[in-house]
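Working notes, beginning with the structure itself.
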Amino acid sequence: MKIVNAKGLVRFASSGGPPEKEGFLLKRGDLNKGFQRRWFVLKGNMLFYYEKRGDREPAGVVILEGCTIELAECEDVDNYAFQISFPGSSSRTYILSADSQEELENWMKALSCAPYDYVKLIVAELQNQLEEVSTVGNARIVQAAERESRILGRAYSEEIKGNRPKRPPTPRARSDRVNPFDSFSDLNVDDSNDAFRGRMPSSGLCVPTWQSLGLSAFQDMHNEVRRQIQELSTLFNTQRNSEGTPVS
């Protein structure tokens with residue numbers, strides 16, 4: 001259709017963002033049935049055409065709402081012709097021709113997606129897909145949160161169980177068994193020269209503990225026991241040597 005006093009359409013054609021598609025096509029005239037080369041610009045559901053590329057105002061526009069895009073049979077052009085038709089016997093059919101099979105397919109696809117009704121269907125379908133994805137995504141988020149909660153709960157329980165102080169062993173009922181390191185009463189040792197001075201005062205028996213000795217590691221405890229045995233051996237040897245019977 002020719003544009004007559006349609007300043008709004010002209011502004012729309014020359015403003016806004018980039019077009020959906022543009023390029024040269026051959027267009028058959030309405031009165032003159034010959035083909036003329038025109039520059040076409042597709043914006044929204046409107047197909048503008050110019051007499052030549054770079055013109056400020058289009059020569060005409062085709063509103064694509066309700067149209068049908070299909071191949072056309074034309075003997076006077078290469079076999080890359082297609083047509084834009086509308087319902088009704090009085091409606092005009094636009095016959096266009098591309099330069100190649102690739103351009104033919106690209107133009108037909110672009111024009112088929114241009115009508116507003118088609119865009120509404122696409123938008124509605126996208127909204128449905130978004131709702132489905134949101135529903136599935138929310139369910140997956142809830143499942144993941146529950147799974148993470150169970151994992152963290154087990155880890156916390158194991159940590160608490162591992163840090164829980166162990167119960168001391170139940171003492172044996174036998175009373176005739178003592179630890180040899182708990183008593184040194186059988187030694188005839190002078191407190192003033194005792195190697196254990198400060199831990200075994202003459203006023204009474206003081207059993208040293210590992211905590212009082214500042215020991216916590218097993219290797220340190222082992223070394224301390226070894227040192228005590230060596231001191232005891234030295235004391236025994238000193239006492240027995242004074243009596244004339246060395247002990248090795």
Is [Y] close to [X] at the side-chain level, that is, under 4.5 Å between some pair of heavy atoms?
| X | Y | value |
| --- | --- | --- |
| Trp39 | Phe48 | no |
| Arg92 | Tyr94 | yes |
| Arg53 | Phe24 | yes |
| Leu71 | Tyr80 | no |

Practice task
Identify the two heavy atoms, one from Trp107 and one from Gly23, that lie closest to each other, and give their separation to 0.1 Å.
Solution key: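 Here Trp107 and Gly23 meet closest at CZ2-N, 3.7 Å.
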Exercise for the section: Among Val61, Ile84, Val41, find the residue that satisfies the side chain to side chain contact (heavy atoms under 4.5 Å, CB included) test when tested with Leu47. Expected result: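 Of all the options given, the one that passes is Ile84.
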With rounding to the nearest 0.5 angstrom, report the [atom1] to [atom2] distance, [X] to [Y].
| X | Y | atom1 | atom2 | result |
| --- | --- | --- | --- | --- |
| Ser112 | Phe82 | OG | CZ | 9.5 Å |
| Gln83 | Cys67 | CD | SG | 11.0 Å |
| Ile95 | Leu25 | CD1 | CG | 13.5 Å |
| Leu42 | Leu64 | CG | CG | 6.5 Å |
| Ile63 | Glu65 | CD1 | CD | 9.0 Å |
| Asn106 | Ser100 | CG | OG | 8.0 Å |

Practice task
Please indicate whether Glu20 has more than 12 foreign heavy atoms, meaning atoms of other residues, nucleotides or ligands, lying under 6.0 Å from its CD.
Solution key: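 Enclosed: over 12 neighbouring heavy atoms sit under 6.0 Å from CD of Glu20.
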Handout entry: Lys21 with Glu103: basic N within carboxylate O range, under 4.0 Å
Key =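 Salt bridge present between Lys21 and Glu103.
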Handout entry: Polar side-chain atom of Asn32 near backbone of Gly34 as donor-acceptor pair, under 3.5 Å
Key =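 Here the side-chain-to-backbone pair exists.
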Problem - NZ or CZ of Arg38 within 45° of Tyr49 ring axis and under 6.0 Å - result: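 Not flagged: Arg38 not positioned over aromatic ring of Tyr49.
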